[in-house]
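We name chains A, B, ... by the order of the sequence lines, and we start the count at 1 in each one. Just so you know, these numbers come straight off a predicted model, no measurement behind them.
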Amino acid sequence: MIRRPRGTRDFGPDEMEARRYIESLMRREAETFGFREIATPVFEHAELFTLKSGPNILAEMYAFLDKGGREITLRPELTAPAIRFFVNELAELPRPLKIFYTGPCFRYERPQSGRFREFYQFGVELIGVQNPESDAEVIALAASIMDRIGLKGYRIRVGHIGILRDKLKVAGVPGETVPVILQKLDKKLYDEAVPLMKEAGMDEKSIEETIGITEMSGPVSVLEEVGGEAKSYLEEVFGVLEASKVSNLQIDLGVIRGLDYYTGIVFEIDVPKLGAEKQVCGGGSYSLSELFGGEKVFSTGFAIGFDRTLIALAKEGFEAPRRRVEVHVIPVGDATRSKAFEITAMLRKEGIGADVDLMRRNLAKNLKYADSIGARRAVIVGEKELGFGAVTVRDMVSGEQTTIPLGDLPGYLKGTRDFGV
RNA sequence: GCCGGGAUGGGGUAGCCUGGUAUCCUGUGGGACUGUGGAUCCCUAGACCCGAGUUCAAAUCUCGGUCCCGGCCCCA
C-alpha cells in the first residue's frame with residue numbers, strides 16, 4: 001500500500017463539495033468588490049521567496065534543484081508570486097489593480113491541528129495605492145467574506161506597524177535589529193525583548209512606551225494615547241470601515257506579523273475556538289515590487305487560510321448544501337434498458353442531472369439506491385407505460401407517482417424542480 | 001527540530017495489562033422480493049500501520065521506522 005505523504009490530505013466527494021462551495025462564495029464576494037482572479041505557477045524560483053525574507057526560510061520550503069540545475073521551490077505563499085506577476089506583466093493595467101487568487105501552498109513544517117504541509121490559501125491584493133480608503137477596502141472584503149460564508153466567532157484586530165517602527169527608529173535602534181525586536185514583541189516575549197532593546201540603546205522610558213503600545217487594544221478610542229500620524233491614519237481607516245458597516249473590529253497595536261515588508265496597517269482575523277492555530281487570515285499594507293525589479297508600488301492584501309477557515313466553520317456546525325442529482329432513471333427489467341438510456345441521454349441534453357441504473361438491479365434496489373444518492377425523483381421506465389409512450393415519475397420524498405408522456409418529461413421535471421422536498 | 005498520546009475491515013469499535021490469528025455496529029455487494037425505496041432477516045466480501053526481535057506461538061511483549069492527533073519552535 002502506498003500512503004499519502006506526511007502533512008497532505010485526500011478530499012472525498014463530500015469534502016470537496018463543501019470546499020468548492022465555500023471557495024465559490026469567497027470568489028463571488030471578491031468579485032462583488034471588483035477584484036478579478038489570477039493564477040500563478042505552483043513552483044517558482046526559490047529566489048522569489050528568499051529575496052524578501054532571508055535564507056532562514058529555506059528550511060521550511062520544499063526546494064530542490066530541477067534537471068536544469070535551477071533552484072526551484074514549491075510556493076510557500078501567494079503574495080510574492082502575485083507581485084512578481086504584477087511587476088512582470090500587469091504593471092500597466094489601470095489602477096488600483098484588484099486581484100485575487102487561490103490555490104495550494106507548501107511548507108515543510110511539523111503538521112498539527114489546522115496545519116498541513118500542503119495547504120490552501122485564498123488571497124487578494126489591491127495594488128497601486130496606499131491610503132485609508134484602500135486599506136479599509138481590503139479589510140472590508142476580508143470581513144465580508146467571513147460574513148458571507150457564515151463564520152461567526154471571528155474577530156478582526158487592526159494595528160499599524162509604523163507606530164512601533166517609528167518608535168524604534170527614533171530611539172536609535174539600528175535597522176537590522178528592528179525585526180528581531182519586533183518578533184519578540186509580536187509574541188509578547190517581553191523578557192527577551194527588553195534586553196534586546198536595552199542593548200540597542202533604548203532608554204527605560206522609550207522601552208516602557210514601546211511595550212505599552214503593543215498592549216493597546218480595544219475600540220478606536222485607545223488611540224487617544226498614541227497620537228501622531230499613524231493615529232489619524234487608523235482613525236480614518238476605521239471611519240471608512242464604519243461607513244462600510246464592518247463589525248467584529250478592534251484596534252490592537254500588538255499585531256505585528258512575521259513579515260519584514262509590512263509598513264503600514266496590519267491586521268489579523270482569528271477564531272479563538274481553534275486553539276493554537278487560530279489565525280484564519282492575515283494581511284496588511286506593504287511594498288514589494290521594487291524588490292522584484294519593478295517601480296515601488298504600495299499594496300494592501302491579505303491571505304485567508306482556507307483549511308483553518310473550514311475547520312472553524314465545521315466547529316460552528318456548518319454543513320454545505322449537498323449537491324444531488326435530479327433524477328435516477330430505472331428500467332424495469334431488461335426489456336426497457338436501452339430505452340432507459342435513451343431517456344437519460346435526452347434528459348441530460350436538457351440540462352437535467354440524471355443518473356441511470358448501471359448495476360442491472362431490480363426496481364426495489366434501484367429505488368433504495370435513488371434514495372441513498374439523494375435523487376429527488378425516480379423515473380421508472382416500464383413496459384406498461386412505454387406501451388402508450390409514457391414513464392412513471394416518483395417523488396422520492398412524498399412517494400407520489402405520476403404518469404408522464406415522454407415528450408412532456410423534461411418540461412415536467414423542470415417545471416416542478418423546485419417544488420416538494 | 002523538540003515533547004506527549006495514538007494507529008484493529010470503507011467509517012466507528014471489542015480484544016492488548018494477564019501472548020493461542022479477531023468482537024460488535026454501520027456502510028458495500030447479493031438474496032428473501034425479477035413493477036415499487038428509506039423496515040426486517042439471511043448470505044458474501046472486507047482489517048490487526050511497516051520492519052526486526054523474544055517465543056512453540058505476537059493484534060497483544062521489546063526495539064526501530066512511518067503516519068495521525070495535541071502542544072512547543074516557526075508561521076514568509
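- We find that A:Lys184 and A:Asp191 are not joined by a salt bridge, their nearest charged nitrogen and carboxylate oxygen being 4.0 Å or further apart.
- Checking B:C17 for Watson-Crick or G-U wobble geometry (two distances, each under 3.5 Å) identifies no partner in any strand.
- If you check every strand for non-hydrogen atoms under 4.0 Å, A:Ile380 touches a base.
- Among the heavy atoms of the strands lying under 4.0 Å from A:Met359 are primed sugar atoms or P, OP1, OP2 only; no base atom is included.
- Mapping A:Tyr108 and A:Lys365 onto RNA chain B via the closest heavy atom, the residue that lands nearer the 5' end is A:Tyr108.
- Interface residues of residues 290-307 of chain A facing RNA chain B, ordered by number: none; criterion, heavy-atom separation under 4.0 Å.
- Both tests hold for A:Arg361 against A:Tyr369: distance to the six-membered ring centre under 6.0 Å, angle to the ring axis within 45°.
- In this structure, B:G51 and B:C63 make a Watson-Crick or G-U wobble pair, each of the two defining distances being under 3.5 angstrom.
- Among the protein residues, A:Glu383 comes within range of the nucleic acid bases, having at least one heavy atom under 4.0 Å from a base atom.
- Note on A:Arg361: every side-chain N or O is 4.0 Å or more away from OP1 and OP2 of B:U34.
- Salt bridge absent: A:Glu31 and A:Arg27 never bring a charged side-chain N and a carboxylate O closer than 4.0 Å.
- B:C63 and B:C3 have their P atoms separated by 15 Å, with the value rounded to a whole Å.
- Between A:Arg337 and A:Asp334, at least one side-chain nitrogen of the basic residue sits less than 4.0 Å from a carboxylate oxygen of the acidic one, meeting the salt-bridge criterion.
- Remark: A:Val332 in residues 331-344 of chain A come within less than 4.0 Å of RNA chain B through at least one heavy atom.
- Look at the C1' atom in both B:U26 and B:G46: the space between them is 13 Å, to the nearest Å.
- Remark: B:G4 base-pairs with B:C69. Criterion, Watson-Crick or G-U wobble with two distances under 3.5 Å.
- Nucleic acid contact class of A:Gly282 (heavy atoms, under 4.0 Å, all strands): none.
- Comparing B:U66 with B:U21, their P atoms are spaced 32 Å from each other, to the whole Å.
- The gap from the P atom of B:U40 to that of B:G20 amounts to 35 Å, rounded to the nearest Å.
- B:A57 sits 8 Å from B:G19 when the C1' atoms are compared, rounded to a whole Å.
- Close placement of the A:Tyr62 and A:Tyr108 rings is indicated, their centers lying within 6.0 Å of each other.
- Ring centroids of A:Phe122 and A:Phe100 are separated by less than 6.0 Å, placing the two rings close together.
- In this entry B:C33 has no Watson-Crick or G-U wobble partner, no candidate having both defining distances under 3.5 Å.
- Rounded to a whole angstrom, the distance from the C1' atom of B:G9 to that of B:U28 is 11 Å.
- Other residues, nucleotides and ligands contribute more than 12 heavy atoms inside 6.0 Å of the NZ atom of A:Lys273.
- Here the separation of B:A7 from B:C48, taken at their P atoms, is 15 Å to the nearest Å.
- If you run side-chain contact (heavy atoms from CB on, under 4.5 Å) between A:Val391 and each of A:Ile343, A:Ile380, A:Thr336, only A:Ile343 comes through.
- Other residues, nucleotides and ligands contribute over 12 non-hydrogen atoms within 6.0 Å of the CD atom of A:Glu215.
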Which pairs, protein N/O on one side and nucleotides 65-73 of chain B N/O on the other, fall under 3.5 Å?
from  : atom 1 : to       : atom 2 : distance (Å)
B:C68 : OP1    : A:Gly7   : N      : 2.6
B:C68 : OP2    : A:Arg6   : NH1    : 3.1
B:C69 : N4     : A:Arg110 : NH2    : 3.4
B:G70 : OP1    : A:Ser113 : OG     : 2.7
B:G70 : OP2    : A:Ser113 : N      : 2.5
B:G70 : O6     : A:Arg110 : NH2    : 3.2
B:C73 : N4     : A:Arg115 : NH1    : 2.8
B:C73 : N4     : A:Arg115 : NH2    : 3.0

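- Pairing for B:A39 is absent, judged as Watson-Crick or G-U wobble with the two contacts each under 3.5 Å.
- Considering only side-chain atoms of A:Glu385, the nucleotide from B:G30, B:C33, B:G35 that sits closest is B:G35.
- Straight-line distance between the C1' atoms of B:U8 and B:C68: roughly 15 Å, to the nearest whole Å.
- Following rounding to the nearest Å, A:Arg376 (CZ) and B:G38 (C1') show an atom-to-atom distance of 17 Å.
- The shortest distance between side-chain heavy atoms of A:Arg117 and A:Pro5 does not fall below 4.5 Å.
- The partner of B:G9 cannot be assigned: no Watson-Crick or G-U wobble pair with both contacts below 3.5 Å exists in any strand.
- Under the 4.0 Å criterion applied to side-chain N and carboxylate O atoms, A:Glu77 and A:Arg107 are not assigned as salt-bridge partners.
- In this structure, A:Asn366 atom CG and B:U34 atom P are separated by 14 Å, rounded to whole Å.
- Annotation for A:Glu400: atom CD does not count as buried by contact number, only 12 or fewer foreign heavy atoms lying within 6.0 Å.
- A salt bridge links A:Glu350 with A:Lys414: at least one charged nitrogen is closer than 4.0 Å to a carboxylate oxygen.
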